Structures are given as structure tokens and as C-alpha cells.
Amino acid sequence: MKHDSDHEHASSSGMTARLAALVATLEAKGIVSSAQIETALAEFLSRARPENGAAIVARAWVDPDFLARLLSDANAALDELGMDMSHWARVKLRAVANTETVHNVIVCTLCSCYPVGLLGPSPDWYKSPEYRARVVREPRAVLEEFGLRLDPATEIRVWDSTAELRYIVVPRRPAGTEGLTERELATRVSRDALIGTAICQ
Amino acid sequence: VTAQQFQVGDRVRTRATRAPGHTRLPQYLCGRRGRVESVHGPVPLADERAHGGERAARAPRPVLYTVAFDGTEVWGEAVVLSGPLSIRADLWDTYLEPDPEASP
């Protein structure tokens, strides 16, 4: 997978210019200052980290009852851990678990919907037209470019975040980790494993 | 709130074309047959909310579903030769109709 491209850079610089124009207008009208925006953004980003998603998965690995609650009502499970989706109260979270026979991967083909509060800001490739178009059409090829080769019999389940739900993947617990603490287990969960473009080692 | 047409397990078909303006039915899933995987209750329709202002405030709240599509249905046989694929998308009631080929 080519992780950046001229096209992507062109579209993101266009977006930057539009954002600057919007902020300038809001400031001129006295609605909000760029200092206020910076403060709000810094506050949000200080809490929006992939460690949140990793902590959720580690708890699910050590507590099967928590895993069951996570899969049936993820927002309530987040409440138990004192977490929330942070940026958008009405967003419903859904956790989908990998199994021996099913591998999940998330995408937003229409734009770039992503559980930012739990995974941190999304990587550029997640927002690229290439990933968004290809992962629904040839997910095996895309995952192989990420270094992930799945058994040909494994069902790939692609979750296209087309509406109000956001998704997080619960990867499988790696073998040989029986002796690890919940905190140690969390360090095995990468951002890409929470998206589904990697597994946990 | 509009009526709920479908239950979990029902076979559905997406609209053949996208509505003009903003919509959250992806082109690649137009006219495709799938199965209702879960029901999320009434949610303000993005197609109307995107307009902002009064129109957004009056947006209807159709039921939102997660619909599961088989990779072969979406892309044809070629893709599935490389392994089983299922695509799940969150779609509003108004994007869907009963699958005309499903037995009653």
C-alpha cells in the first residue's frame, strides 16, 4: 500500500486553505478566536489516544464478561472504564471481535469517519482515496501490503462506517500471553490492530 | 419517526441510485441485495441534516440498520475467489426496499 500520494497532498492542502478561510471568518465575526480553537483542540487531543482503545481490548482479554458487554453495548462498557467517545456524545460505538474464522477491518468509504477519541487522530492512509476504495474491493491484497497474510478460508468482514456508528476491532489475544498483566497486554495492542490492518503479536 | 420496515434477518435491496445532494448510501452498494444484521432505532437522516438550519432541525428520523452484503453480491465472483468477504454498512430505512427475489 502506497501510504501517500500527490493526489492526497493536493486535496489536503486544499482543505487546509478552506479551513483557514473558515477560521478567519469566524474570528472576523467574533464567534470564536483561533486561541480558543487551539485550546479546545489541545484538550481533546490530550485525551484522544490509541492507548484508550488498547486498554479496552486488554480488559476484554482478561475479563470475558466485560468482552460480552463490550460487544453488546460498547458505550456502556466504555462508561465502566471511565471513557467516552469524547468528541461527539451521540456517536454510538460498536466493537467487533476477531475470531479463528473472521477478521474484521474498518473503513469509511464516503469520507473519513473514525473513533478518534479511542484511537487518536487517524493516519493519512486511512483517509486516502486508495485505502477507502480498495479495502472494500480487495481487502486481502490491501492487508498483505500491510504485512498481514490471512488464511484463505478466513472471512474478512469490512465495516463501512457510512452513518452514525463508529467501529473498533477487538483483535485476538496473542498466544503465550497468559502470564501478562492487563497493563502489559495493552502494550501489545497497536492502533492498526484496532483498525484491523494488523494483528497482535 | 417513520415506520420500521425491517427486522433482523430480513432480506433487503438498496435503492438502485443515490438521492441527489448529500447522501450516505455509497455508490458501490446501490442496487445490492443484503440482510439486516442489526437495528439501531430512529436516527436523524444525514441527507437532510447536511443542509443545516431549519431543514436539519426538521430532519426525519428513519430507523438505521446495519446491513450485511456478501462480497460476491457486491463485486461478482472474481473477488471472492481470493477468499470469503462480507461488507457491512449502516443504512437508513429510506435507502432500502424488500428484496424482490426473497421468498415471502
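The structure displayed is predicted, hence computed values, not measured ones. Below, chains carry the letters A, B, ... as their sequence lines are ordered, and counting in each starts from 1.
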_Looking at A:Glu164 and B:Arg49, is any side-chain nitrogen of the basic one under 4.0 Å from a carboxylate oxygen of the acidic one?_
yes
_Out of A:Asp151, A:Asp160, A:Thr162, A:Leu165, return the one with the most heavy atom pairs under 4.5 angstrom to chain B._
A:Thr162
*Applying side-chain contact (heavy atoms from CB on, under 4.5 Å), name anything that partners B:Thr17, two or more places apart in sequence or on another chain.*
none
*Taking only residues two or more places apart in sequence or in another chain, which ones pass side chain to side chain donor-acceptor pair (under 3.5 Å) with B:Thr23?*
B:Asp47, B:Tyr95
*For chain B, which residues of residues 94-108 of chain A have at least one non-hydrogen atom nearer than 4.5 Å to it?*
A:Arg94, A:Cys108
*Looking at A:Arg140 and A:Glu144, does any basic side-chain N land under 4.0 Å from a carboxylate oxygen?*
no
*Check whether B:Tyr28 gets within reach of chain A through its side chain, its backbone, both or neither, counting any heavy atom under 4.5 Å.*
side chain
*Would you call A:Glu80 and A:Arg69 a salt bridge, taking side-chain N to carboxylate O under 4.0 Å as the test?*
yes
*Salt-bridge criterion met for B:Glu48 and B:Arg58 (N-O under 4.0 Å)*: no
*Please look at A:Glu138 and chain B and tell me whether the side chain, the backbone, both or neither of the residue comes under 4.5 angstrom of a heavy atom of that chain.*
neither
*Using non-hydrogen atoms and a 4.5 Å limit, figure out which bit of A:Arg157 sits close to chain B: side chain, backbone, both or neither.*
both
Let me have the donor-acceptor pairs involving side chains of residues 170-178 of chain A, under 3.5 Å, with sequence neighbours excluded, atom names and distances please.
unit_1	atom_1	unit_2	atom_2	d
A:Arg173	NE	A:Thr177	OG1	3.0
A:Arg173	NH1	A:Trp61	O	3.2
A:Arg173	NH2	A:Thr177	O	2.8
A:Thr177	OG1	A:Pro174	O	2.7

*asked:* So which atom in A:Pro115 and which in A:Leu93 form the shortest heavy-atom distance, rounded to 0.1 Å?
replied: CB-CD1, 4.5 Å
*Checking B:Ile87 against chain A: side chain, backbone, both or neither under 4.5 Å from a heavy atom?*
both
